[in-house]
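Have a look at the structure that comes next, please.
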Amino acid sequence: MSTTEHQSDPHVEPHAADVAHDGHADGEFAHKPDSYYVKIALILAVITALETSTYWIDFGAFFLPTLLILMAIKFVMVASLFMHLKFDSKIFSWMFYSGLLLAIGVYVAFLATFRFFAPT
Amino acid sequence: MAVHTPVTDGHDDHGHGAAHATSTGLSNNKMAMWLFLGSECLLFGGLISTYMLYRGRHPADLGPDQIYDIPFTSVSSFILLMSSLTMVLAVSAASMKDDRRTNLWLTITALLGATFVGGQVYEFTSFYREGLGFTSSLFSSSFYTLTGFHGVHVTVGIIMLMALVGINKRGRIPGQKAEVVELVGLYWHFVDVVWIIIFTLVYLIPS
Amino acid sequence: MAIIERPSTPAVVGAGAGAPAVVTPSQAYGVLRRPVAATGWRSWVFTVDHKKLGIMYGVVSLFFFLVGGFEALLIRLQLAGPEGTVLSAGLYNEMFTMHATTMVFLFVMPMAAAFANYLVPLQIGARDVAFPRINAFGFWCFLAGAIFINTSWFLGGAADGGWFMYQPNANALFSPSHGIDFWGLGLQITGIASLTGAVNLIVTILNMRAPGMSLMKMPIFTWMILVIQFLLLFAMPVITVALFLLMFQREFGATFFDVSAGADPLLWQHLFWIFGHPEVYIIVLPGFGIVSEVLPVFARKPLFGYRFVVFSGAAIGFVGWGVWAHHMFASGLGPVSVAVFSVATMLIAIPTGVKIVNWTMTLWGGKIWFSTAMLFAIGLIVEFTIGGLSGVTHAVAPSDTQQTDTYYIVAHFHYTIFGGAVLGLFAGFYYWWPKIFGKRLSESLGKWNFWLMIIGMNLTFGPMHIIGLQGQPRRMMNWTEARAGEGFFNLGFWNRVASVGSLILAVGVAFFIVNIWVTHRPSSKTPKSELDPWDARSLEWITQNPPKEHNFDSIPTVHALDEFFHRKYEVDHDTGEVTKVASAEEILAAEEAKADHHIHLPSPSYWPIILAFSLPVMGYGVIFNRFLIVAGALGVLLAMFGWALEPSVADDSDYDPPAEGGSNKELATIG
Amino acid sequence: MSRRDTRLPARRRRTLGAVVAGAAALVLGGCAQDAPQDTWQPAGDNAQKIHDLQWPVFLVAGVIGVIVLAVVAFAVVRFRDRGQPMPEQSHGKPALEIALTILPALILVGVGIPTVSTVFDLAEEADTECIINVTGQQWWWEYDYPVQDGCGGISAPIVTSGQLVIPADTNVLLRLTSRDVIHSFWIPKLNGKKDTVPGRVHTLRMQADEPGIYAGQCTEFCGLSHANMKMEAVALFPADFQTWVANQLEDYQAPAEGSLAAEGEATFTANCAYCHQVNGLTTTAPDGSVTPVLANPDEFVVSGAAPNLTNLMTRNTFAGATWDLLTEECRDRVWNAPPEEFGERYLAGVSADCLNEVDLREWIRNAPAKKPMYATADQAANSGGKFRGMPALGLNESQIDQIIAYLLERH
Ligand code: HEA
Ligand code: HEA
Ligand code: CUA
Ligand SMILES: [Cu+2]
C-alpha cells in the first residue's frame, strides 16, 4: 500500500538539485479551475466520438493511422493534463515514458519477429 | 500531549510528506507511484502483445468481429474516460482542502468505475452465453486475460477510492491528504489510459 | 499503547539516558499494537531496519548458495563418468532446473539485494530506505517464495523443464508433476520482492542523498544498483506476464502455448528472454559495482574514468533490452531477425569493454594491496573477460548455431556469472564484513578461500569450453563413451576434470563458511575491527562498525566523490602529492559531535511478514485446494487493511519532546 | 594481513602461458582429434561456412583476451605495494577512454559484416536438389522423403527413422517440425542446429562432401530422455543413394511359411503393429479376406507416431540412435570404412551375424527400463492413457525370439 507509506527519513535539505526539474510537485496545476478540466474532458469526449464513428463510417486507408493517432492524442492528453505530467517535474515524465517507450519498442520488435501479427 | 518542537538546525528529520526535503524536491510517494506506473506499461504491453499475436486464432464464428458489441463498449469506455474527469476534480478539490467536494468527486469516480466494471461483467457474461469461454480459443483466452487484468486494476482502484472516502470521512488520512488523493488519482488515470489503448487496439481495429 | 523511548545502541546514549522513559501516546494507530521488541527474534522478524533486512537477505541467500551448489555437485557427480547413475533421468532434470533457479533467483539476486539494502542508505548518507515497511515486505516475499518453491521437492517433485522452462515441454501434458506450478507461483512471489525493492531503492537513491551528493558524486556501487533497479523495474513485469500465462495454462485450461490450439511456442521464448537477457545484467552489475568500489580502495587511486563507468553501466542496461533474441538464434526466427539481433548483441561488448579498461587502468599506477577482497576483484576482471569474450563468439549467430545448447554456453555463462557476479559478491563479503559485523574475516583463510575458488572454477568451467566445442550438449543426464571421442579433447577426460574441479570449488566455498565460523564463534579471538580497516573512500565508512541503528548521528555534507577519502587526505593539485590530514576516528568524532537531536526511525510492523506469508498460502491453494486461495486472500486483505491504517512513522506527538541540552539521544521506534 | 603476495606474479605468468596455450589449442583443435560431434571439423559446405567465420572470431577473441590478461598481469606485478608513496589521484584520461571505446567498435564492425553475410548465405534455399521432411518427437527422429524429382528421383514416399540418409555432395533441404515439444536438429559436421518447433516448419540445409556417418544429437531440452534422442546423418554416393531408395521401396516379403519369422509376423501383428507400421504387412481374417495392417499410433502415443519398422535392418541404430543394431565389430567396419567402400558396407544392412541382439532383446522385453520414458499405465493416466515412448509389452522370451527373427528380415 504505497499510497499510505511515508518517507521515513527525509532528513536532507533540498540542495542544488542535480537532476533537472522545473516546477513543484504541487502548485501551478492545483489552481487550474475545474472548467479547465471539463474542457479537456470535452475534447476527449469528441475524440472518442470520432474514434467510435469509424465503426459506422468507412475511412478507407486512413482508418488505421487515424485511429492510432487519435489514441496517442488521448493518451498524451490524459497523461499530461489529468496526470499533470506537463506541469510536474520532468523526472516523472521521464520515468513513465521510458517505461512506455521501452514497452513499445520491445514488444513491437517482438511482434515483428513473427512477421505476421495474426495469421488467419 | 507532547508537542514536538521543530529542530532548528535545518535537519528536518521526521518528515511527514515533506515533499521539499528530498534531494530532488519531489515526493517519495509520488515518485514511487510513477515508477510503478512505468513498470505497469511493460505488464500491459506484454498482455496486449499476446492478444495481438493471438487475436486471429479462433473458430470462424467466434472471433472479435462476431463477438464485440462496439456501441456498448464505446459507452462504457466513455464512462471510464469521464471518471478521469471526476477524478481530477477530486484531486483539485483535495488540493484546495475542500473535504466535502473531494469526497463527492471520489464517490462519483468510484461509481463511474463501478459502472464500467459492471459493463465488463455484463460483456463477459454475454460473450460467455454466445459460447466464448475463457478456454474456447487463443483469442478468447488472451482477450479475457488482457481485459480481465485491466478489470482487476479498475476494481482495485475502486477499492482504493472507497477506502479513501471512508478514511477521509473520519479525518484519518495519514500524512498529506491531498497527496494521497493525487496518488490514487494517478493510478486511476493510468488505468484509464490503458483502456484508451485497449479500446482502440482491441475493439476498434478489426482483426 | 506505550511508546518506549529506547536508546538503541549503547554508544549513542548520552549521559544519564540510562533507563528507557515511557510516555503515553495520544493516539493508537493500527489494528494491533505495534511490535516493540528491541532484542531477540522479534526484533528481527518485525524489523523494518534496512541493515537488519540486509543481513537477513544475506544469510538466506548464502544458505541457498549452498543448496544450489549442492545441486551442482550432484550434477557434476552424475557426469563424472559415462552413463552416470547417481541421479535418475527425472531427478537429473529437476536438479539442473532447480540448480539454476536457486542460484539465479534465490542466491545472486537476493544477495545483491542484501548488499543494496545494507549499503545504499549508508553510501548516500540516509538513515533508512524510502519505504521501510515495503522493504521488509520484499524480504519476506523473497523468503516465502523461496521456501514455497523448494517445498516442491517434498510434494511430488520439483520443476523439471530447465530454467527457461520452454513451452510446450512445460505444459501439464509433458510435465505432469506440480513442480512447474511451484516454480511459476514461487517466482511470482519472489518477483514481488524484486519489484517493490526496485521502486524502493530508486526512490531512495534519487531522493535521499546527503546534502551535496549530486548524482555524479554518488558512489559507483550505488550507481550500479540504481541501473539494476531500473532493469528490474521494467523486466519483472515481463516475466510476470509469462508466468501468468503459464499458470492460466496449467491451472485453468488456457491454451497459450498449446500448439494443437494454434498457439506459437515462440511466444514463451520471447517473453522469457525479454526478461531473461536484462536479467543476466541484473546478475552481473552488482558484482561490477562492488569491484568498482574495491579496486580503487586497494589500488589507492580513484576509480579511473568514473563517468565512463557510470555511463557504460547505464548503456549496458539500455542496450541489454535490444538483444534478447540471441538466445533464439536456432529457434527459427528467420535471417533478418537473426542478423539484427546478432549485431545488436555485439554492441554490448563495447560498454562492457569500457568497464574492463577502466578497472585495469585503475590498477595502473596504483599501490596495490592484495587483500582478499582485492584478489577477488582482480579475479573478476580476468575471469569475466574470458566469459565475456566467449559471449562475443556466441553473438556471431552462425557460430552460435554450433554452440547453442552445448557446454560451450554453459562455460560462457558460468564464467560470466561465477567469474563476474559471484567473485564480485565475494569481494564484497571480505570488503564490507568489518563494516557490517564489526570484525574482519581472516585474511589467511580468505586467501585459501580465494585460490581454491579460482582454481576450482577454472578447472570446473574451463574444460566445458572444450566439451562444448567437441559437441556435448547441455542438459544431458549422461554422456556415453561411444560419442566421447579419443585423444586430447576426449569428453571423458574433461568431464572428469570438471567434476574434480567442482569439488575443489566446493572446498573453496567451504573455506568461506569456516572463515565466518572462525571469526565469529563464541571463543574467537578475532579483535574488533578498526574503524577504517582498508583506508576506504566512501561515505558508509563515516559510521561506526557496525553502524548505529540510525546510521549517522548527523548527516554528513558531501563535497566530493570519494568524500571520506578527501576528508582523510589532502591532495596537492600541482605536485599530485597526497598527505594524510585526519584519521577516520577524528572524522567520525567530528560528525558525532554535531549529532542531531531528534531522530525518528520508522517503526517495526507485523504487517509485512503477515502479508508476505499469506501469498504462499494462496499458492498452495492454486495447486492443491481452492479453499486455501480464499484463506490466503483473507490474510492478504487483513494485512493490507492493517498496513493501511498504520503509519510508518508515528505522529510527532507520539514522541517524547526532544531532550534538552543536545545530548545524543535517539528516540526509538514507537510501540 | 599480508599486504604483499609474492606468489601472485608467478601465478599470473602461468595463467598467461596457459591461456596462450589454450588459445593455440583451440585454433589447432580443428585438426586434432576424433570426437564424432566435434564442431571444429566441418565435413560439408554449410559447416565450412560457419567454420570460416568462426575461427577468425575465436582468434580475435583470443588475442583480446591475452592482451587484457597481459595488461592486468603487468599492472598487478608492476604496481603492487612496495612501500611507494600514495599514487597520484588521477581520475582518468578521456582521450584514452574514447580511443579504447572506438577500437572495440571497429573490431566489432569487422566481425559483424561477415556475420551478417554468412547468416543470409546459410539461409539460401534456391539451390536445393533434394527435400526431406524431418519430424522430431519424444524421443526419436522421423524422416520422410516426399515423392520428388530431386535426390535423383523418389517415386513413392519413404518413411524411416534414426538415421538420415542423404546423397553426398548434394544440397539437401531439411524441412523440420515436431509433433510434441521443441527439439533441435543438429549434425555438427554438416551444419549448425535448428529447432524443430511444433506448428512451424523450419528449413535447414545439409550437404556432406564425402560418404560416411555423421553423428548428431537433439539439442533442445525435450523432457525425460532428451539425452537419448540422438541421430546420425548417413551420406552415400548418389549411385549408392539410389540403391538405398530402391531398397526402401521394395515390396514386402512375407517370411517363409512355417519359419520362426512367420510366427514372428503374427506376434508382431498382434503386439506391435498397432503402433509400428510395416508397409505391406497384411492380415488374413478367418473368412479369408486379406487386409493391410495399418498402425494407428495416434491412439496410443502422445506424439501420434512410432518409428516405421518396414526397413529396420537397413539402419544401424535404433531407439533414438542410442543403441547399435550392429555388433561392435560390424559397427566398426561401417563407421571406419574409407569413403569409397562406405556405401557398400552400409547398404549391406544388418545381417543375422552382425545383429546386436542383446540390446534389441532388452528393448523389446522392457523398453522403458532401457530408456527413460513415460510409458507405464499410471504415467499415461494424465495424458488420456497415451504413452510417451514405448511401453513394456510383457512378451515372453519365445515371443521375443520370433519377433527378432521377423525383424531380421525387414531389409
Ligand atoms: C552474468 C551474466 C551474463 C553476462 C554478463 C553475459 C554477457 C554476454 N553474453 Fe551471455 N549468457 C548468460 C549470462 C551472461 N552473459 C547466460 C546465463 C546465458 C545462457 C542462458 C541459458 O541458455 O541458460 C547466456 C547466453 C548467451 C548467449 C546465447 C547463447 C546460446 O544459448 O546460444 C549469447 C549470444 O549472443 C550471449 C552473449 C553475451 C554477450 C555478447 C555478452 C557481453 O555482455 C559480454 C561483453 C564482455 C566482453 C566482450 C569482455 C570485455 C570486453 C573487452 C575486453 C573489450 C573488447 C572486446 C571486443 C572488441 C570483442 N550470452
Ligand atoms: C548464479 C548462477 C549460477 C551459479 C553460481 C552456478 C554455479 C555452478 N554451476 Fe551452474 N548453472 C546455472 C547457474 C549457475 N551455476 C544456470 C542458469 C544453468 C542452466 C540450467 C539449465 O540448463 O536450465 C546452470 C547449469 C549448470 C550445469 C549444466 C547442467 C546441464 O546442462 O545438464 C552444470 C554442470 O556442471 C553446472 C555446474 C555448476 C557448478 C559446479 C557450480 C559451482 O560454481 C557451485 C559452487 C558452489 C558450491 C560447490 C557450494 C558449496 C557447497 C558446500 C561447501 C557444501 C554442500 C552443502 C551443504 C553441506 C549444505 N551448472
Ligand atoms: Cu529432443 Cu531433446
Ligand atoms: Cu543474453
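Naming convention: chains lettered A, B, ... in sequence-line order (proteins, then strands); numbering from 1 in each chain.
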- Task: Look at the side chain of D/Asn191 and the backbone N and O of D/Arg205, then say whether any donor-acceptor pair between them is shorter than 3.5 Å.
- Result: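 Checking the backbone N and O of D/Arg205 against the side chain of D/Asn191, a donor-acceptor pair under 3.5 Å is found.
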
- Among D/Ser178, D/Ser184, D/Gly216, who wins on heavy-atom pairs under 4.5 Å with chain C?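 Among D/Ser178, D/Ser184, D/Gly216, the one with the most close pairs to chain C is D/Gly216.
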
- Please check if any side-chain donor atom of C/Gln269 sits under 3.5 Å from a side-chain acceptor atom of C/Ser331, or the reverse.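 Indeed, the side chains of C/Gln269 and C/Ser331 share at least one donor-acceptor pair under 3.5 Å.
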
- Task: Measure D/Val71 against the heavy atoms of chain C and call it side chain, backbone, both or neither at under 4.5 Å.
- Result: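 Both backbone and side chain.
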
- Message: Just checking D/Arg175: does its CZ atom have more than 12 heavy atoms from other residues, nucleotides or ligands closer to it than 6.0 angstrom?
- Response: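 Result for CZ/D/Arg175: open.
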
- Message: Heavy-atom pairs under 4.5 Å with chain C: which of D/Gln379, D/Lys386, D/Lys49, D/Lys230 has the most?
- Response: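 Of the options given, most contacts go to D/Lys230.
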
- Message: Need one label for D/Lys93: side chain, backbone, both or neither, based on atoms under 4.5 Å from any heavy atom in chain C.
- Response: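 Backbone plus side chain of D/Lys93, per the 4.5 Å heavy-atom cut-off to chain C.
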
- Message: Please classify the contact of C/Ile356 with chain D as side chain, backbone, both or neither, using a heavy-atom distance under 4.5 Å.
- Response: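 Side chain only.
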
- Item | Which of D/Glu88, D/Glu97, D/Gln54 touches chain C most, by non-hydrogen pairs under 4.5 Å |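 Highest number of pairs under 4.5 Å: D/Glu97.
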
- Establish, for the pair C/Arg537 and C/Tyr306, whether the NZ or CZ atom is under 6.0 angstrom from the six-membered ring centre and no further than 45 degrees off its axis.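 No, a cation-pi geometry is absent between C/Arg537 and C/Tyr306.
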
- Task: Using non-hydrogen atoms and a 4.5 Å limit, figure out which bit of D/Leu122 sits close to chain C: side chain, backbone, both or neither.
- Result: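 Only the side chain of D/Leu122 comes within 4.5 Å of chain C.
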
- Query: What part of D/Ala215 is in contact with chain C, defined as an atom under 4.5 angstrom from a non-hydrogen atom: side chain, backbone, both or neither?
  - Reply: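 Its backbone and side chain both get close to chain C.
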
- Which one of C/Ala170, C/Ala339, C/Gly365 has the most heavy-atom pairs closer than 4.5 Å to chain D?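 Top count of heavy-atom pairs under 4.5 Å with chain D: C/Gly365.
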
- Between C/Tyr408 and D/Thr39, do the side chains contain an N or O donor and an N or O acceptor separated by less than 3.5 Å?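 Note: C/Tyr408 and D/Thr39 side chains miss the donor-acceptor criterion.
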
- Query: With a 6.0 Å cut-off on ring centres, are C/Phe174 and D/Phe221 close enough?
  - Reply: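 They do not qualify: ring centres at least 6.0 Å apart.
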
- Options C/Ser399, C/Ala89, C/Pro302, C/Gly576, ranked by heavy-atom pairs under 4.5 Å with chain D, top entry: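 Of the candidates given, the most pairs with chain D belong to C/Pro302.
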
- Quick one: what part of D/Asp180 sits under 4.5 Å from any heavy atom of chain C, side chain, backbone, both or neither?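 Interface part for D/Asp180: both.
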
- Measure distances from D/Pro372 to the heavy atoms of chain C and classify the residue's part below 4.5 Å as side chain, backbone, both or neither.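 Side chain only.
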
- Task: Heavy-atom distances under 4.5 Å only: say whether D/Leu204 touches chain C with side chain, backbone, both or neither.
- Result: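 Looking at D/Leu204, nothing touches chain C.
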
- Task: Scan residues 79-121 of chain D for pairs that pass ring-ring contact (aromatic ring centres under 6.0 Å, His included), counting only residues two or more places apart or in two chains.
- Result: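 ring-ring contact (aromatic ring centres under 6.0 Å, His included) check on residues 79-121 of chain D returns C/Trp364-D/Phe79.
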
- Pair D/Gln37, D/Gln217: side-chain N/O donor-acceptor within cut-off below 3.5 Å: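 Looking only at side-chain atoms, D/Gln217 and D/Gln37 do form a donor-acceptor pair, the distance falling under 3.5 Å.
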
- Item | Residue among C/Phe565, C/Phe329, C/Tyr569 with most heavy-atom pairs under 4.5 Å to chain D |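 Top option by heavy-atom pairs under 4.5 Å: C/Phe565.
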
- chain C interface, residue from D/Gln89, D/Gln84, D/His226, D/Met86 that has the most non-hydrogen pairs under 4.5 Å: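 The residue among D/Gln89, D/Gln84, D/His226, D/Met86 with the greatest pair count is D/Gln89.
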
- Going by distance alone, is a donor N or O of one side chain under 3.5 Å from an acceptor N or O of the other, for D/Trp40 and C/Gln402?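 D/Trp40 vs C/Gln402: no donor-acceptor pair found between side chains.
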
- Query: What residue, out of D/Thr322, D/Val60, D/Val68, has the most heavy-atom pairs lying under 4.5 Å from chain C?
  - Reply: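 Looking at each option in turn, the highest pair count goes to D/Val68.
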
- Interchain contact, D/Gln138 with chain C, by part (heavy-atom threshold 4.5 Å):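 Side chain only.
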
- Task: Give every residue pair that meets the ring-ring contact (aromatic ring centres under 6.0 Å, His included) criterion with at least one member in residues 94-118 of chain D, sequence neighbours excluded.
- Result: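 Listed by first then second residue: nothing to list.
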
- Message: Is D/Val302 in contact with chain C via its backbone, its side chain, both, or neither, using a 4.5 Å heavy-atom distance?
- Response: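 Just the side chain, heavy atoms under 4.5 Å.
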
